[in-house]
Amino acid sequence: MIDSKKDAFEYFEITRMKRRKFLKNSTLTAAGLMSTPILVSCDKNKNNSSQAIIKPILPVVVCTWNFKNATAKAWEILSQKGTALDAVEQGVMVEEADATNETVGLGGRPDRDGQVTLDACIMDKDSNCGSVVYLKNIVHPVSVARKVMENTPHIILAGKGAEQFAYEYGFKKTNLLTKSTKKQYEAWKKTSQYETVINIENHDTIGMLAIDHNGDIAGACTTSGMAYKIAGRIGDSPLIGAGLYVDNEVGGATATGVGEEVIRTVGSFLIVELMRQGKSPQEACEEGVRRIMNKNKDRKDFQIGFLAINKQGKTGGYCVHQGFTYSQYTDAGQTENIV
Ligand code: GLY
């Protein structure tokens with residue numbers, strides 16, 4: 001265990017070195033060892049600028065990674081003329097409740113002290129937003145975030161205060177550590193080493209964006225964060241502008257991957273602003289990744305994936321390393337997009 005600030009710095013220096021060594025030996029590094037990231041676009045609509053005058057095909061929902069059940073749930077709501085806000089909340093709740101998903105909600109991997117702590121946020125068409133950070137014992141942090149948005153004058157509630165607030169709104173206390181994650185944690189403690197495995201370890205977040213029949217956009221983002229993180233660590237996911245941003249005039253964006261890198265560039269806000277300047281969702285995500293990589297010229301040992309949607313319902317996704325996927329549901333059905 002790490003007992004002091006000095007130990008903490010040493011811990012991270014050692015794990016950073018280990019990560020580098022690991023990556024040298026990894027077949028997954030082919031993209032990472034090049035001077036610029038290999039980024040493969042899957043956006044069939046790449047040439048459609050967000051400024052093009054085209055009839056929007058609505059509704060649409062997208063989410064990070066191939067969380068098919070989550071987009072199916074959101075689509076159920078959208079197809080019945082429900083709001084984008086309800087769709088994204090109920091969509092990501094599917095993953096929060098799934099104990100086999102070890103990166104979100106119930107069954108999320110714990111911090112290095114064995115505590116499961118959750119981060120989530122939600123944002124609506126009127127730029128209202130709510131967020132919870134370091135929330136324990138509650139299966140649905142996104143719904144607590146929505147309560148913060150709708151029932152308080154605040155935006156972010158943290159830790160004990162957020163937990164108490166949740167109980168006041170009838171959320172049940174639940175042990176989020178499952179047999180499986182407890183066993184993995186006990187095994188991890190033997191070495192206490194953290195190694196990033198691109199597209200596996202960082203499969204951490206569900207970020208979802210939807211545009212409904214009215215053309216209104218909302219987003220939600222929820223995660224248990226980095227496995228075995230230092231207790232108290234908060235990633236990008238609950239931070240409005242970093243892990244999620246929606247501007248109903250323009251579009252929305254969300255992120256997955258190593259949150260520290262997304263926070264540095266306020267990634268989701270950046271992508272929405274790039275779309276405002278005329279970039280398509282795809283182009284904006286590409287530029288977002290480029291900005292991050294420009295600040296990390298010597299580091300390729302992490303994954304970031306961005307996802308975006310604009311007012312026409314066009315979507316795009318981009319990432320540092322190949323292998324980021326996103327799930328999309330439209331009138332044409334459900335697709336898995338590999339970036
Ligand atoms: N992207 C989630 C996190 O870094 O916590």
Side-chain angles (χ1 to χ4, degrees), residues 12 15-16 19 62-67 70 88 92 95-96 101-105 107-113 115-123 131-136 141-142 145 156 158-159 162 176 181 194-209 219-245 252-271 285 288-289 291-292 295-296 299 301-308 317-321 323-326 339:
F12 274 114
T15 50
R16 198 182 273 252
R19 261 185 255 162
V62 276
C63 80
T64 55
W65 305 112
N66 194 27
F67 292 126
V88 294
V92 301
E95 293 307 318
E96 289 181 336
N101 178 345
E102 297 180 342
T103 57
V104 178
R109 291 198 208 95
D111 65 20
R112 68 169 199 211
D113 295 348
Q115 303 282 327
V116 182
T117 67
L118 305 179
D119 300 333
C121 72
I122 193 160
M123 191 159 190
S131 163
V132 287
V133 302
Y134 197 68
L135 179 64
K136 296 180 187 170
V142 74
I156 306 178
L176 302 175
T181 48
Y194 179 83
E195 285 179 344
T196 302
V197 181
I198 307 289
N199 290 330
I200 299 174
E201 187 65 28
N202 294 325
H203 249 230
D204 51 8
T205 303
I206 177 165
M208 182 176 279
L209 304 164
C221 192
T222 177
T223 189
S224 52
M226 239 176 224
Y228 318 129
K229 60 198 173 187
I230 291 180
R233 180 262 185 194
I234 305 295
D236 60 317
S237 304
L239 302 182
I240 299 296
L244 176 74
Y245 193 69
T254 191
T256 182
V258 176
E260 282 74 2
E261 301 306 327
V262 179
I263 293 169
R264 273 191 241 281
T265 50
V266 200
S268 294
F269 178 75
L270 170 66
I271 286 167
C285 289
V289 170
R291 296 270 180 108
I292 288 177
K295 293 192 191 313
N296 285 285
R299 278 194 67 209
D301 57 345
F302 62 90
Q303 173 69 305
I304 303 283
F306 281 122
L307 193 55
Y318 214 40
C319 55
V320 174
H321 295 273
F324 168 53
T325 61
Y326 65 93
V339 183

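All values reported here derive from a predicted model rather than from experimental measurement. What you see below is based on every heavy atom in this structure, not just the backbone, and it leaves out hydrogens, waters and symmetry mates. We count ligands from 1, going down the list as the structure has it; atoms in each ligand are counted the same way.
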Undergrad: Could you name the option among Leu239, Leu118, Thr205, Ile263 that has the heavy atom nearest to atom 2 (C) of ligand 1?
TA: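 Going through Leu239, Leu118, Thr205, Ile263 one by one, Thr205 has the nearest heavy atom to atom 2 (C) of ligand 1.
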Undergrad: Holding to side-chain contact (heavy atoms from CB on, under 4.5 Å), I want the full list of residues that pass it with Ala231, two or more places apart in sequence or in another chain.
TA: Asp111, Asp113, Tyr134
Undergrad: Relative to the heavy atoms of Ser237, which atoms of ligand 1 are at a distance of less than 4.0 Å?
TA: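 Taking each heavy atom of Ser237 in turn, ligand 1 has 1 (N), 2 (C) under 4.0 Å.
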Undergrad: Hey, which atoms in ligand 1 end up nearer than 4.0 Å to a heavy atom of Gly225?
TA: 5 (O)
Undergrad: Counting only nitrogen or oxygen atoms and a 3.5 angstrom limit, does Gly257 reach ligand 1?
TA: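 The answer is yes, given that Gly257 and ligand 1 share an N or O pair closer than 3.5 Å.
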Undergrad: Ignoring angles and geometry beyond distance, decide whether Asp119 reaches within less than 3.5 Å of ligand 1 through its nitrogen or oxygen atoms.
TA: no
Undergrad: Minimum heavy-atom separation for Ser268 to Leu244, with atom names?
TA: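 That closest heavy-atom pairing would be OG-N, 3.4 Å.
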Undergrad: Over all heavy atoms of both residues, which pair between Ser224 and Arg109 is shortest? Give the atoms and the distance, please.
TA: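 Looks like OG-N, 3.8 Å.
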Undergrad: Does Ser131 have any side-chain contact (heavy atoms from CB on, under 4.5 Å) partners at least two apart in sequence or in another chain, and if so, which?
TA: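 With neighbours one apart ignored, the set is Cys121, Val133, Ile156, Pro238.
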Undergrad: Number the atoms of ligand 1 from 1 as they appear, then name those within less than 4.0 Å of a heavy atom of Gly235, with their elements.
TA: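 Result: 5 (O).
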Undergrad: State yes or no: are the ring centers of Tyr318 and Phe306 separated by less than 6.0 Å?
TA: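 No - the distance between ring centres of Tyr318 and Phe306 does not fall below the 6.0 Å cut-off.
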Undergrad: I'd like to know if Glu261 and Lys295 make a salt bridge, using a cut-off of under 4.0 Å between side-chain N and carboxylate O.
TA: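 Looking at Lys295 together with Glu261, the answer is no, because their closest N to O distance does not fall below 4.0 Å.
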Undergrad: May I ask you to identify the nearest protein heavy atom to atom 5 (O) of ligand 1, giving residue, atom name and distance to one decimal place in Å?
TA: Arg233 NH1, 2.6 Å
Undergrad: Should Gly259 be counted as touching ligand 1, given the test is an N or O pair under 3.5 Å?
TA: yes
Undergrad: With no hydrogens and no angle check, do the side chains of Thr181 and Glu102 hold a donor and an acceptor under 3.5 Å apart?
TA: no
Undergrad: Within ligand 1, which atoms have a heavy atom of Asp236 less than 4.0 Å away?
TA: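 The atoms of ligand 1 under 4.0 Å from a heavy atom of Asp236 are 1 (N), 2 (C), 3 (C), 4 (O).
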